[in-house]
There are 2 protein chains.
Amino acid sequence: MARLVDVARKAGVSISTASYVVTGSRSVGEETRRRVLEAVAETGYTPDAVARALRSARSQTVALVLPDLRNPFFTAVIDGVEAEARASGQSLLMVNTGEDPEREVASLRELRAQRVDGFIIGLTRQTPPDLVRNLQNSKKPFVLVDRAGPTGVDQVTVLNDVAAKVMVDHLLHIGHRRIGIVAGVRGISTAEDRLSGYRAGLEAAGIAFDESLVIAGGSRRELARLAVVEALSKPDRPHALIVTNNEMTLGALEAILTLGLSIPSDIAIVSLDDVPWAGVLGSPLTAVAQPSFAMGREAMRLLLRRVESPDAPPRWVRLRAEFVHRQSCGCSPESVSTGTAEAGQPVEGIGATAFGRES
Amino acid sequence: MARLVDVARKAGVSISTASYVVTGSRSVGEETRRRVLEAVAETGYTPDAVARALRSARSQTVALVLPDLRNPFFTAVIDGVEAEARASGQSLLMVNTGEDPEREVASLRELRAQRVDGFIIGLTRQTPPDLVRNLQNSKKPFVLVDRAGPTGVDQVTVLNDVAAKVMVDHLLHIGHRRIGIVAGVRGISTAEDRLSGYRAGLEAAGIAFDESLVIAGGSRRELARLAVVEALSKPDRPHALIVTNNEMTLGALEAILTLGLSIPSDIAIVSLDDVPWAGVLGSPLTAVAQPSFAMGREAMRLLLRRVESPDAPPRWVRLRAEFVHRQSCGCSPESVSTGTAEAGQPVEGIGATAFGRES
DNA sequence: TTGAAAGCGCTACCAC
DNA sequence: GTGGTAGCGCTTTCAA
C-alpha cells in the first residue's frame, strides 16, 4: 500500500502538504493541489486508517453491541446501523453479547481498547443498572437502542405502550372482550411498556384489568409456548391474544397448533413485531411492525451527533410502530387491506424532556 | 486510559520490560513480572489496539463482508463467525454489500485501509470473476463462504448437490414422480449445485430429467412466487416441489396459498434450508437445514489458519446439510420424528484436491 | 503558501 | 535479565 510519503515524493511536495490536500484541512495552492491529487491517483493511495486513528484519536469506527444476532428484529437494526454507517463513512465493529451481561461488560471494555468513537448498545435483559452509569462516567459517546435506559441518555426506542394499545383497541373494536397478553420478562422497558399500553387500552374502554389474562411468556419462544398451552387449556381462556415479541409469537403459534385450536375462530392473535412469514400462515398474521431499520439508522445518527458535540443535551428518539392488518385478528378477509408489511417508518424526534414512560 | 508508560513507572521498570510482561514475548524475572502485573491491575491498563496494530501490522481484526444482513441464513453465519472471533480474540468489522458488486469492491478497498488481517466474504450473486483473482493477488488472507469461488481458494460451502439429492430421494421414496424444482439464478455455485443434485437424484432413479419441471425462481421471494403460481396453474403441474433457498420457500408458500392448494395433499414441498417458523405452518415444513453457524465458525478458523501460515495449501471445507423430516413432504405424521431443527453440524474437512463440483 | 518535525502508544531490535 | 530507542503512518503545531 502506498503511503503518504510516496505521494509527497511523487508530487514533489512535503508530507505535510500532501496530508493537507488529502484531508482538506488547510488550503493549498492550486497547482500544488493538482499535482498531489494526481500522485494520489497514480499511486492508488488510501489513507491508513490505523495510523490516522492513533494520531487523531478518532477511529471513524463505532461498535454495535447487541444481545442476539439471530433475532430478526436485531438483524434489521444492524441493517439500519450499517446503512447509516456506510453513508457517513464509519466502520462498524460488531459484538454479540448473547443476552449475557458479563459478556456485555467485557465487550465494552475491549471495544474501548479498540478506540471506537462510540457505542450503540442493545442492553441485555439483565443488564445491571450501573453499567449505564459507568458508561456515562466514561465519557465515551453511546446510544441505547430498543430497551430503554434512564433518562438523560441518548436512546432510540419504540412507542411500545402505544403499539400495545393499538392492538388492544383493534381487538376491542372488532368485538373481543377477553383479551390475553403474552408478556415478556418484568423489568425490561419494552415488556413493561407493552404491558402498560395493554392496561391503558382496557381501561380506556372501561374494562377491568384481569391479572389472570396476563400470561408470563418470559420473552422467549419455548417459555411462551408452555405458558400459552397452559393458559389456553383453562376453561376461562382468553379469546384473543396479544403477543409482545416475535420470539414469543412463534411459541404462541406452536401452542395453538398443538392444542388444535384454529385462528381466528377459536382464538384471535396479534403479534407485536411483524415477521416476514406472516403471510404464509393459514390465517395471515395481524401484527404491529417495529421500525427496526429506522431504529438502527436513528441510533447511528444520534451517536454521530454525540461524537460531534459531546455536550449537546441528551436526546430520546421514540419511533412509532405500524399496524399491519391481516387476518389472524378475526376480521373478515374483505375488511383487510392487502399488501405486505413494508414498514413505513414515521420518525418522532423528541428532546430531553420526553413524554411517556421514563424507564 | 492508562498507557504502558504509566504501568512501567508504577512498577519501576522500563517501558520495554512492561511490554514484555504484558505480551509475554520475552521471559522476565519473577519479581519484576509480579510488580508489573500488579501495576497493570492497579491502573486497569488495557493495551491500545490501535497503537499495537500500527506497530505490529496485525490488527487482530477481521472483516465480514456479506450480501444480505436480513437473510436468516447469513445471520446465522454471522453468529458463527462472531462466536469464533470472540473465542480467538479477534474483532469483527461488518459490511453489507446488499448483493451489489460495486459496493463489494468498494468495501474491500476500504477494509484494506483499515488494516484488517483478513476477510470472510459471501460473494454477491453477480460478483465478477476477477474480484477473486484480485483478492488472490493482493496477498491479503481471505476465505469465501457459501457461494464458491474457483479452486485454490480457501472456502467453506455446503454439499449442495448432496442436499438436493437427499430431497429428491426422499420424495421418490414416498412415491412422488413429478417433482419440480424451484431453482435460483444460474451461474452462482449454490444454485447450480442444487440443480445438479436434483438431476442426479432423478437419474439415479431412472427418471428422465424434464426441463419443464425446472421453475426459474430467480433466487428471490417475489420472483419465486410468480414463477410458482404460473407453474402450478398448468394442467401438468408437478405434485411435489423442491425449493432451493429460504427466500424462495416463502414465495412458493405464498403461491400455494394464493392458489388455494393444500400441502401436502395437492402439492408436497420440501425446502432447502430450514426456517425457525417451519413448525407453525398447517403442515410443518420438511427441510434440509444448512449448517450456517458452523459455516461461519469454520470460515473464521480457516481465515486464522491462513493468517498464521500464508503459504499453507488452500483448503475447501464442505459441510453436510441435515435433513429435517416434518410433514409438508406428505409423509404421515406418525412416520415423522418430532423434534425441532437443532442442526447438528457434521464437518467435512477436505484438502485442496476437492471432490464434487469445482465452482 | 509551504515545510520540518514532534509525537499518538506500542513492539522489537540492539546493547548492556 | 533489563533498558534505550527507532519507527509504524499519520496529523498538526510551529516556523519560515
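Here is how names work: the chains are called A, B, and so on, in the same order as the sequence lines, proteins then strands, and each is numbered from 1.
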Asks: Can you list the residues that meet the salt bridge (Lys or Arg N to Asp or Glu O under 4.0 Å) rule with B:E102, with sequence neighbours excluded?
Replies: none

Asks: Return a single string for nucleotides 9-16 of chain C, one symbol per nucleotide in 5' to 3' order, where B is base contact, S is sugar-phosphate-only contact and - is none, cutoff 4.0 angstrom on heavy atoms.
Replies: BBBBBB--

Asks: How would you list all residue pairs meeting salt bridge (Lys or Arg N to Asp or Glu O under 4.0 Å) that involve residues 57-68 of chain B, not counting sequence neighbours?
Replies: B:R58-B:D117, B:R58-B:E308

Asks: Which residues pass the side chain to side chain contact (heavy atoms under 4.5 Å, CB included) test with B:R26, not counting sequence neighbours?
Replies: B:Y20

Asks: Rounding to 10°, can you tell me the angle the first-five-pair axis of the helix from C:dT1-D:dA16 to C:dC16-D:dG1 makes with its last-five-pair axis?
Replies: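 Computed angle between terminal axes is 40°.
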
Asks: When you list every nucleotide of DNA chain D with an atom under 4.0 Å from a heavy atom of chain B, which one comes first 5' to 3', and which comes last?
Replies: D:dG1 to D:dG9

Asks: Test of understanding: with side chain to side chain contact (heavy atoms under 4.5 Å, CB included), list the residues that count as partners of A:P141, not counting sequence neighbours.
Replies: A:L303, A:R306, A:V307

Asks: Hey, could you give me each pair passing salt bridge (Lys or Arg N to Asp or Glu O under 4.0 Å) that has a residue in residues 7-20 of chain A? Not counting sequence neighbours.
Replies: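 Checked against salt bridge (Lys or Arg N to Asp or Glu O under 4.0 Å) - neighbours excluded - the pairs reaching residues 7-20 of chain A are A:D6-A:R9, A:K10-A:E42.
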
Asks: Taking only residues two or more places apart in sequence or in another chain, which ones pass salt bridge (Lys or Arg N to Asp or Glu O under 4.0 Å) with A:E99?
Replies: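 Scan of A:E99 (salt bridge (Lys or Arg N to Asp or Glu O under 4.0 Å), adjacent residues dropped) gives A:R125, A:R147.
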
Asks: Excluding sequence neighbours, so at least two apart, what forms side chain to side chain contact (heavy atoms under 4.5 Å, CB included) with B:P72?
Replies: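 In terms of side chain to side chain contact (heavy atoms under 4.5 Å, CB included), with neighbours along the sequence ignored, B:P72 is linked to B:N246.
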
Asks: With sequence neighbours excluded, what pairs up with A:I15 under the side chain to side chain contact (heavy atoms under 4.5 Å, CB included) test?
Replies: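 A:I15: side chain to side chain contact (heavy atoms under 4.5 Å, CB included) contacts with A:L4, A:V5, A:A8.
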
Asks: Report the C-alpha separation of A:F73 and A:D146 in whole Å, then their side-chain angles, then the decisive distance to 0.1 Å, and conclude whether the side-chain contact (heavy atoms from CB on, under 4.5 Å) test is met.
Replies: CA-CA 10 Å; A:F73 166 72; A:D146 184 40; 3.4 Å; yes

Asks: Mind checking salt bridge (Lys or Arg N to Asp or Glu O under 4.0 Å) for A:R133 and listing every partner two or more places apart, or none if nothing turns up?
Replies: none

